[in-house]
Amino acid sequence: MSHFTVLVIGDNVEKQLQPFHEFECTGTNDEFVQDIDVTEECREHGLDWHGLEDLVVASESEVDRNGAHQFGYAVMEGGQLIKAVNRTNPNKKWDWWQVGGRWSGYFKLKPGAIGSCGESGFLGSCRNTGADRADQVRKGDIDVEGMRAEAAATDGRKWDEIRAITGDLDDLITWTETRERFPGDIEAARAAYHSQRAKQAIANADDKDHRFAFLQLDDFKVSRDVFTRRAADSAISTFAVLKDGRWYERGDMGWFGFVADEKDPDAWNREFAALIDGLPNDTLLTVVDCHI
């Protein structure tokens with residue numbers, strides 16, 4: 001189960017998101033639900049491969065797509081499987097969503113500007129609070145440069161702190177490079193990677209509040225200018241974008257935050273920044289917390 005952010009560009013947020021609902025969870029039997037032929041899969045693996053073992057009919061005339069067979073069916077004649085259908089939305093991306101959620105307060109407003117906030121996430125989790133924050137707002141009312149400056153300043157302080165502990169990182173062999181040196185031996189790669197001078201410096205640093213627990217030290221093997229520029233580019237950057245009916249994302253979000261085929265984050269953030277800068281000021285922007 002995973003949460004991720006989506007930037008919905010334009011009006012009618014609910015209408016724009018609807019084509020991407022997961023029918024198995026929403027139960028909304030609409031035009032986005034399709035009959036997917038899974039006959040060959042069921043012949044190979046059995047009807048229970050798609051949960052159709054109790055949804056058998058003698059002919060298609062018995063199929064009730066709005067009732068018992070809304071999620072699928074199998075046609076059997078004389079003990080032979082004739083057809084198996086799984087009813088789903090092949091474009092599914094979310095099973096529920098809310099404006100804001102864990103990222104409530106995403107946008108920083110310009111002085112005097114007005115926006116709206118959705119609800120906070122579980123146990124009140126949110127990104128920011130305050131009268132100058134919003135989850136839905138016109139692009140021209142967002143303090144874009146202020147958000148980028150804040151992100152750059154925050155990450156600049158992180159860079160300073162880490163480099164004060166590690167010193168220069170020219171000798172750091174990245175995790176990717178280490179894996180290449182130990183093909184097929186993950187334990188040897190881990191031992192070699194964590195034995196490095198800089199990694200040992202972080203491991204031995206004072207970390208009572210566990211700030212370094214999930215630190216990606218490889219990210220700091222760049223100049224301060226590059227590090228802060230990356231932060232500025234990512235200040236307004238969500239996992240996915242919904243614009244003009246099309247869904248764009250960095251990768252495929254799955255269980256527990258695993259992302260496959262992820263687009264290079266630097267390239268994604270640069271494209272995202274250019275997209276935001278190019279939008280008309282009256283464009284409505286909404287940050288949505290999606291769950292899958």
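- Salt-bridge formation is detected for the pair Glu24/Lys92: a Lys NZ or Arg NE/NH1/NH2 atom is positioned less than 4.0 Å from an Asp or Glu carboxylate oxygen.
- Here Arg211 pairs with Asp209 in a salt bridge; the nearest charged N to carboxylate O distance falls below 4.0 Å.
- The pair Asp266-Arg230 meets the salt-bridge criterion, since a charged nitrogen lies less than 4.0 angstrom from a carboxylate oxygen.
- His69 and Asp64 share no donor-acceptor pair across their side chains, judged by distance under 3.5 Å alone.
- Between Trp159 and Phe220, the distance separating the two ring centers is not shorter than 6.0 angstrom.
- Using a 4.0 Å cut-off between a side-chain N of Lys or Arg and a carboxylate O of Asp or Glu, Lys158 and Glu161 do not qualify as a salt bridge.
- From Arg102, atom CZ reaches atom OG of Ser120 across 12.0 Å, with rounding to the nearest 0.5 Å.
- Aromatic pair Phe71/Phe23: centroids less than 6.0 angstrom apart.
- Side-chain contact annotation: Arg87 with Tyr73, donor-acceptor N/O pair under 3.5 Å absent.
- Across Asp30, Asn91, Asp95, a single residue satisfies side chain to side chain donor-acceptor pair (under 3.5 Å) together with His21, and that is Asp30.
- Remark: the Thr88 side chain and the Gln34 side chain contain no N/O donor-acceptor pair separated by less than 3.5 Å.
- Side chains of Asp155 and Thr228: no donor on one and acceptor on the other come within 3.5 Å.
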